[in-house]
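Here is the structure we will look at.
Just so you know, these numbers use all the heavy atoms, side chains as well, and skip hydrogens, waters and symmetry mates.
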Amino acid sequence: MGRKENAAGSRGTGTMVAALVLAALVPAVGVLWFMTVAMRNERLAVQERLATVYSNQLTSLQRQVTAHWQARLTALQPTGRLAPAQIFAAAARTKLADGVVVLGGAGKALYPTAALVEARADENSVVARALQSQAAVLLQAGQKQLALAKLAELVGDPRLRHAVGARGVLIVPNAQLLILKLIGPALAAEPPRSAGRQNDDRDGVPASGSPTGSLRQQTLADLVTRLNDYGDAALSSSQRRFLMREVKALAPGAAIFPTLEAEELAAEYLDHDPARPADARLQRTPLAKVWRLPVADGTLVALFREERVRAELATAIGALTLPDAQVTVLAPGEAGPADRRVPSLDASELLPGWRLALSFNGTDPLALASERQSRFYLWMGVGVVAIIAVLALMLARTVAAQMRLARLKNELVSTVSHELKTPLASMRALVDTLAAGRFRDERQLQDYLHLIVKENVRLSHVIENFLAFSRMERGQQRFHFEALAPAEVVRAAVEALQEKLEAPNCQFEMSVPPDLPRIRGDAEALATVLINLLDNACKYTNGEKRIAVRGVAESDSVRFEVEDNGIGLALAETRKIFDRFYQVDQSLTRQRGGCGLGLSIVKFIVEAHRGSVEVKSEPGKGSTFRVRIPRANETTNLS
């Protein structure tokens with residue numbers, strides 16, 4: 001039966017949503033059709049004139065762009081007999097491109113390249129390796145000053161300038177970098193150390209008088225000069241990049257490498273796409289927002305970041321200014337401006353996919369021609385949009401209600417699975433234990449039976465809350481109103497929780513005068529209100545419990561108060577605790593049970609009796625819940 005109701009509810013909801021969507025779409029489609037038909041004739045009338053006025057300007061800009069990039073290709077074309085590294089440096093230093101790759105006849109990259117210098121065992125290389133090894137041993141022994149001396153001897157010998165290590169890298173530049181790292185900025189002014197006191201310091205720290213400051217300055221200057229010298233064919237591009245980055249990090253103000261960014265961009269490009277480009281036109285690369293432009297003979301590939309391309313195009317078209325329009329550069333696949341009136345034009349044959357889009361500034365000729373009719377269309381559109389807005393609001397409310405219902409169902413399933421699982425598991429474990437006869441004596445048997453009864457009561461309370469909640473949600477909760485004595489209502493609630501309230505660690509006080517005015521209501525429902533409030537007071541009070549229930553007569557009602565010395569509530573929590581399924585501790589590992597329905601049931605019952613419920617609480621100082629129920633002689637039409 002429930003499954004059929006759910007299916008019917010789903011079909012009804014789907015029909016209602018479809019009707020609301022249709023009601024919102026029909027006016028929207030109608031106004032769009034009307035606006036399109038009304039404006040199309042006027043736009044067509046001025047479109048031809050606009051195309052005639054601005055076509056010559058766009059064509060002129062296209063010629064300027066083509067001339068600009070042809071001049072750039074000419075400037076990038078290598079001239080003379082220069083080494084590949086020198087060709088790279090010439091293009092990078094003149095900022096003709098963001099990066100450059102020099103190619104050989106077979107399309108192989110000549111610079112930059114990952115290839116290292118061929119390792120060799122000539123006499124100078126052997127000597128340099130020996131000095132390098134000695135410095136390494138001294139560093140491991142903690143003799144920093146002696147290691148610096150060995151490294152200074154290595155870099156100071158001009159015969160070792162092109163010595164190559166076992167891994168194919170130049171030894172001297174790496175030794176210079178190590179000197180800079182060992183000295184560091186903090187040791188630059190350290191005094192020299194005499195030869196006769198080399199072993200005075202056990203930790204290897206140089207003694208007074210060491211000229212490390214001069215050594216650092218000279219080493220830094222020599223290394224920066226060599227890294228910027230692209231005529232040094234022995235220095236590979238990969239070692240050059242590594243040393244540039246390291247030296248720049250050690251001396252950011254003193255080390256200036258104008259080609260470092262071009263080096264890094266070119267190396268990154270070669271890691272992703274080392275193949276020779278097909279033709280001399282601007283092309284995408286695998287790198288994000290990086291483009292390449294090969295020269296005609298294929299010996300060089302210039303790399304441009306996308307913002308550089310846009311800047312170059314802006315420079316090329318900047319000479320031509322239009323009084324009432326502007327030109328926007330569009331990259332391949334990029335949408336043009338929203339107010340564009342004239343179709344975009346290819347920027348240049350050298351830049352396939354790049355386009356020039358014309359857009360109007362302020363009021364354009366098309367707007368001037370159709371302004372009068374647009375006012376009429378505007379008011380009509382406002383009316384239709386208002387209708388659409390109302391329909392959309394109705395649809396939004398319906399969808400929101402369905403979402404709340406779905407969320408409520410999910411919360412119900414989650415809470416049921418969590419709250420029913422614990423007592424069922426406990427009872428099953430206890431019953432299995434008793435069935436297997438695993439108990440010591442009659443007393444332990446009674447204890448187990450008592451625990452089973454306790455868990456059964458807890459389970460029954462949870463189920464009853466769910467049933468009450470279900471009846472409330474479906475509007476099927478019925479109350480039997482009659483004149484009631486407040487003391488009898490309180491006594492019924494206290495008897496239901498007698499075991500908890502008479503526990504050794506609980507001090508319970510009941511103050512309900514027998515002469516309180518009678519109230520009109522459902523005895524069982526009002527008892528449920530007080531039972532839930534008293535049960536919460538027991539549950540959320542740690543240690544020694546002090547719980548009190550009182551009844552007080554007011555002018556037109558009777559006020560019930562349930563007070564405890566529990567953990568209390570923050571102000572933000574007091575505004576939510578009467579919501580369905582809300583719990584202060586919402587973690588799955590919470591110590592206190594409950595399904596978050598008790599207080600929502602309390603609120604429902606009290607409001608059904610035309611009463612009110614409120615809470616006054618502070619964290620750590622307990623809580624006081626006040627329930628007001630109208631007197632019997634002032635409550636009418638409750639049934």
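A 4.5 Å side-chain heavy-atom check between Asp157 and Val127 finds every atom pair outside the cut-off. When side chains are defined from C-beta on, Lys108 does not count as touching Thr113, because their heavy atoms never get closer than 4.5 Å. Side-chain contact check for Leu178 versus Leu139: some heavy-atom pair is nearer than 4.5 Å. Within the 4.5 Å cutoff, side-chain heavy atoms of Val247 are placed close to those of Phe257. Side-chain contact check for Tyr269 versus Val101: some heavy-atom pair is nearer than 4.5 Å. For the pair Arg226 and Leu243, the minimum side-chain heavy-atom distance is 4.5 Å or more.
Here the shortest heavy-atom pairing between Leu170 and His162 reads CD2-O, 4.0 Å. Minimum heavy-atom separation, Ile171 to Ala128: CD1-CB, 3.7 Å. Of all heavy-atom pairs between Glu263 and Pro112, the closest is OE1-CB, 4.2 Å. Taking each heavy atom of Leu265 and Gly99 in turn, the nearest pair found is CD2-N, 3.9 Å. The minimum heavy-atom distance linking Gln70 with Glu349 is given by the pair NE2-OE2, 4.3 Å. Here the closest non-hydrogen pair linking Leu76 and Ala302 is CD1-CB, 3.4 Å.
Taking CG of Leu293 as the reference point, atom CG of Asp279 lies at 10.0 Å (rounded to 0.5 Å). With values rounded to the nearest 0.5 angstrom, Leu146 atom CG is found 5.5 Å from Leu138 atom CG. Interatomic distance, CZ of Arg355 versus CG of Leu345, reported as 6.5 Å (0.5 Å rounding). How far OG1 of Thr299 is from CD of Gln77: 5.0 Å, rounded to the nearest 0.5 Å. The CD atom of Glu312 lies 6.5 Å from the CZ atom of Phe304; values are rounded to the nearest 0.5 Å. With values rounded to the nearest 0.5 angstrom, Leu282 atom CG is found 4.5 Å from Leu351 atom CG.
The aromatic rings of Tyr230 and Phe88 are tilted relative to each other, their planes meeting at an angle between 30° and 60°.
No donor-acceptor distance shorter than 3.5 angstrom exists from the side chain of Gln239 to the backbone of Ser236, with no hydrogens or angles considered. In this structure, the side chain of Gln64 engages the main chain of Ala316 through a donor-acceptor pair within 3.5 Å. Distance alone, capped at 3.5 Å, places no donor-acceptor pair between the Thr259 side chain and the Ala89 backbone. For Arg310 (side chain) and Val329 (main-chain N/O), a donor-acceptor pair under 3.5 Å exists by modelled atom type. Arg72 contributes a side-chain N or O that, together with a main-chain N or O of Leu96, makes up a donor-acceptor pair within less than 3.5 Å. Side-chain atoms of Thr66 never come within 3.5 Å of backbone atoms of Ser348 as a donor-acceptor pair (strictly under, hydrogens ignored). Judged purely by atom type and a 3.5 angstrom limit, Ser125 uses its side chain to pair as donor or acceptor with the backbone of Val164.
Residue Asp98 is tested with Arg308, Glu307, Glu261 for a side-chain contact (heavy atoms from CB on, under 4.5 Å); the sole match is Arg308. Of the options Asp222, Leu227, Asn228, a side-chain contact (heavy atoms from CB on, under 4.5 Å) to Val224 is made by Asn228 and by none of the others.
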Please determine whether salt bridge (Lys or Arg N to Asp or Glu O under 4.0 Å) holds for the pair Glu123 and Arg159, giving the CA-CA distance in whole Å, both sets of side-chain angles, and the decisive distance to 0.1 Å. CA-CA 10 Å; Glu123 180 180 352; Arg159 298 172 302 173; over 6 Å; no
Kindly indicate, with the supporting measurements, whether the criterion side-chain contact (heavy atoms from CB on, under 4.5 Å) is fulfilled by Asp232 and Arg161. CA-CA 11 Å; Asp232 188 352; Arg161 179 176 178 82; 4.2 Å; yes
Walk me through it: do Ile183 and Ile179 pass the test side-chain contact (heavy atoms from CB on, under 4.5 Å)? CA-CA 6 Å; Ile183 296 176; Ile179 290 174; 3.7 Å; yes
Stepwise side-chain contact (heavy atoms from CB on, under 4.5 Å) test for Leu223 and Val155: CA-CA 10 Å; Leu223 184 54; Val155 303; over 6 Å; no
Is there a side-chain contact (heavy atoms from CB on, under 4.5 Å) between His272 and Thr285? Walk through the geometry before answering. CA-CA 8 Å; His272 289 81; Thr285 69; over 6 Å; no
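Under the 6.0 Å cut-off for aromatic ring centres, Trp354 and Trp291 qualify, their centroids lying closer than that.
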